[in-house]
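One structure below.
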Amino acid sequence: MYGLVIFSLCLSAVYSQFPRACTTPEALKAKSCCPAWEDGSPCGSLSGRGQCRDWVVFTPLSAGQVPQPYDDRLNWPRNYFDNTCECFGNYSGYNCGECKFGYFGEKCDRTKTVVRKEIRELSRIELQRFFSYLALAKTTKSKDFVVLSTGNRHYRDTYRFVDATIYDVFSWIHYYSMKPIMINSSFIDPNKNYAHQGPAFPGWHRLGLLFLERQIQLLTGDEDIGLPYLDWRGETNCSMCDDAFLGSNDVQGNLSPYSYFAGWMAFCSGFNYPGAYCPAAGNDFQMERVHRNPGGNPLANRIPSFQDVEDTLKWRDYDRYPHDSTATRSFRNILEGFVRPSDGETFERNMHNLFHIYLGGTMSQIPISSNDPIFVLHHGFIDKIFEVWIRKYNGNPRIYPNNDELGQGPNECSTPYFPCYLNKDLLQVSTKFGYTYSVYQDL
Ligand SMILES: *[C@@H]1O[C@H](CO)[C@@H](O)[C@H](O)[C@H]1NC(C)=O
Ligand SMILES: *[C@@H]1O[C@H](CO)[C@@H](O)[C@H](O)[C@H]1NC(C)=O
Ligand SMILES: *[C@@H]1O[C@H](CO)[C@@H](O)[C@H](O)[C@H]1NC(C)=O
């Protein structure tokens, strides 16, 4: 009884998608996502927390001009909802029942800045706590969110919203953002997506980590937990891949049965074709286990170095035309890992991409890579480098470029998060979002 009360308090509301309350047949039919808060009013409007309003973000392609079926994530979230909650002041969440990142308390008037530490800086107890929180997130059904599943994206009447655990919702958001974009019933360049190969890349992943961090805070009631990161500079192999940390593996890539993530199934794995969304959701037996093979790929058998990171940070332009994986002398494209950091021009796999492919297994299948918790540690470090760059060059929403990548415009919502965060607004110092990074090794 006592436990239930605590859980219902802890799990009330927050972020990302799809809010369960907005996927009822009525809500979908009305295209409205303004659920009631505790006071019974939509978006807590009677308590002054927010209001239900028409979506007014910039829309590059208006639904009227684009023949159906087009990609359901374009003009996010207009395909699903014409109105959503707009929250006032420090309130946030899909029904304004939550606080903005960095704010806490019933009235969201307490601020807190969590420190994200390098994983080797955690005490034994902190490390155990982190692993047990992850295990809890991997096994606790999300009360607030459901995920979208279909074997056939061309037919809307096959779409289903299904349950997932909190960690799996996090994994799914990444997977969903990366599915090939469908225009006029055909798929455009499969490398184009909403989270990569464009100016949205650093901010999109920043939001993903904030989502998981806050979900874990709410789940456990531990407001002080910050997700750790892994500063992989200077590593010659995955020294963290032992059973005390992230798990060792055999030659086939199977994780040791004595390691923390040995039993983890990779959510949305097993059906890697473009016309589907996670059709195995809810059927664990159809998914593969999280696996790895660090250093096993001769095309990616090293980890980016101290020098690579130092060189990455010398590029002053946040991003440059054509704002995709061919952009040269672009901090974003070098950090993402399509260009050699030292000269800013030679196309090679480096930085973010290199570490993914170096790890092999689940981490090297980028759409489902978020299933391996190393993803969280790796992106924590990528975000730390992004943060150092922001502070060095006065990162500012104003410098976020206009560009032609779908869903990556400055005034488009980072896709597919709820509520809307404009891509450009993620280009601000991390203290605006309630966290900082430990120093660990100088950057
Ligand atoms: C938001 O939180 C800050 C910091 O605690 C507080 O000073 C401010 O009054 C809050 N804003 C609103 C609108 O409640
Ligand atoms: C989709 O098809 C219509 C009609 O054939 C065409 O006018 C339109 O330009 C196409 N849109 C895109 C984005 O290719
Ligand atoms: C990783 O590298 C260290 C030092 O370079 C070495 O001692 C260790 O045996 C290596 N571990 C693996 C698993 O190869």
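What you see is a predicted model; the values in this text were computed from it and never measured.
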(message) We want to know whether N152 and Y277 form a side-chain donor-acceptor pair, criterion being a heavy-atom distance below 3.5 angstrom.
(response) no
(message) Show the nearest heavy-atom pair for residues S438 and V115, with the distance to one decimal.
(response) N-CG1, 3.9 Å
(request) Indicate, with yes or no, if the rings of W204 and Y417 have centres closer together than 6.0 Å. (result) yes
(request) List in chain and number order the residues that pass salt bridge (Lys or Arg N to Asp or Glu O under 4.0 Å) with E387, two or more places apart in sequence or in another chain; answer none if no residue qualifies. (result) R206, R391
(message) Using 0.5 Å steps for rounding, measure from the CG atom of N350 to the CD1 atom of I303.
(response) 12.0 Å
(request) In sequence, state the C-alpha distance, the side-chain angles, and the governing distance for F338 and F347, and then conclude on ring pair (Phe, Tyr, Trp, His ring centres under 6.0 Å). (result) CA-CA 6 Å; F338 290 101; F347 295 115; 8.7 Å; no
(message) Please tell me whether Y260 and F131 form a close aromatic pair, meaning their ring centres lie under 6.0 Å apart.
(response) yes
(message) Under a plain distance cut-off of 3.5 Å, with no hydrogens placed, do S248 and D242 share a side-chain donor-acceptor pair?
(response) no
(request) Examine the side chains of Q197 and N193 and answer whether a donor and an acceptor come within less than 3.5 Å of each other. (result) no
(message) Tell me if the aromatic rings of W264 and Y167 count as close, with their centers under 6.0 Å from one another.
(response) yes
(message) Whether the D72 and Y176 side chains hold a donor-acceptor pair (N or O, under 3.5 Å, no angle test) is what I'd like checked.
(response) yes
(message) Just checking Y258: does its OH atom have more than 12 heavy atoms from other residues, nucleotides or ligands closer to it than 6.0 angstrom?
(response) no
(message) Do D168 and T165 pair up side chain to side chain, a donor and an acceptor below 3.5 Å, judged on atom types alone?
(response) yes
(request) Please state whether the rings of Y318 and F386 are parallel, tilted or perpendicular, taking 30° and 60° as the class boundaries. (result) tilted
(request) Just say parallel, tilted or perpendicular for the rings of F170 and F375, cut-offs at 30° and 60°. (result) perpendicular
(message) Looking at Y103, I'd like to know if the NZ or CZ of R110 sits under 6.0 Å from its six-membered ring centre while staying within 45 degrees of the ring's axis.
(response) no
(request) Output the distance between atom CG (L246) and atom SG (C238), rounded to the nearest 0.5 Å. (result) 6.0 Å
(message) Closer than 4.0 angstrom, basic N to acidic O: yes or no for D71 and R153?
(response) yes
(message) Counting C-beta onward and ignoring hydrogens, is there a side-chain heavy-atom pair between P397 and Q428 closer than 4.5 Å?
(response) yes
(message) Between R292 and D372, does any NZ, NE, NH1 or NH2 come within less than 4.0 Å of an OD or OE carboxylate oxygen?
(response) yes
(request) Just do the side chain to side chain contact (heavy atoms under 4.5 Å, CB included) check on C96 and C43 with the steps written out, would you? (result) CA-CA 5 Å; C96 304; C43 314; 4.1 Å; yes
(request) Take D308 and R340, measure what salt bridge (Lys or Arg N to Asp or Glu O under 4.0 Å) needs, and give me the verdict at the end. (result) CA-CA 8 Å; D308 289 325; R340 180 178 297 164; over 6 Å; no
(request) Give a yes or no on whether a salt bridge exists between D231 and K384, defined as a side-chain N under 4.0 angstrom from a carboxylate O. (result) no
(message) For R332, is there an ion pair with E336 - N to carboxylate O distance below 4.0 angstrom?
(response) yes
(request) Answer yes or no on whether R160 is positioned over the face of F18, meaning its NZ or CZ is under 6.0 Å from the six-membered ring centre and within 45° of the axis. (result) no
(message) Would you say H196 and H205 are linked by a side-chain donor-acceptor pair, where the criterion is simply a distance under 3.5 Å?
(response) yes
(message) Any donor-acceptor pair under 3.5 Å linking the side-chain atoms of N371 with those of T362?
(response) no
(request) Flag the pair Y229 / Y437 as yes when their ring centroid distance falls below 6.0 Å, and as no otherwise. (result) yes
(request) Answer with yes or no whether the side chains of H378 and H352 bring together a donor and an acceptor at under 3.5 Å. (result) no
(request) Output yes when R329 and D343 qualify as a salt bridge under the 4.0 Å nitrogen-oxygen rule, no when they do not. (result) no
(request) Apply side chain to side chain donor-acceptor pair (under 3.5 Å) to Y400 and list each qualifying residue two or more places apart in sequence or on a separate chain. (result) none
(request) Decide if the gap between the ring center of F267 and the ring center of W172 is smaller than 6.0 angstrom. (result) no
(request) Applying salt bridge (Lys or Arg N to Asp or Glu O under 4.0 Å), name anything that partners R289, two or more places apart in sequence or on another chain. (result) none
(request) Taking only Lys NZ, Arg NE, NH1 and NH2, and the carboxylate oxygens of Asp or Glu, determine whether E235 and R120 approach each other closer than 4.0 Å. (result) yes
(request) Please check if atom CG in D442 has more than 12 non-hydrogen atoms from other residues, nucleotides or ligands closer than 6.0 Å. (result) no
(request) Check whether the side chains of Y94 and D144 place a donor and an acceptor atom closer than 3.5 Å, and report yes or no. (result) yes
(message) For D222 and Y133, which I'm curious about, is there any donor-acceptor pair between the side chains at under 3.5 Å?
(response) yes
(request) Would you kindly say whether T326 and D324 are connected by a side-chain donor-acceptor distance under 3.5 Å? (result) yes
(request) List the atom of D319, the atom of G198, and the distance in Å for their closest heavy-atom pair. (result) OD2-C, 4.0 Å
(request) Take F418 and F81 through the ring pair (Phe, Tyr, Trp, His ring centres under 6.0 Å) test and state the conclusion after the steps. (result) CA-CA 11 Å; F418 275 94; F81 305 111; 5.8 Å; yes
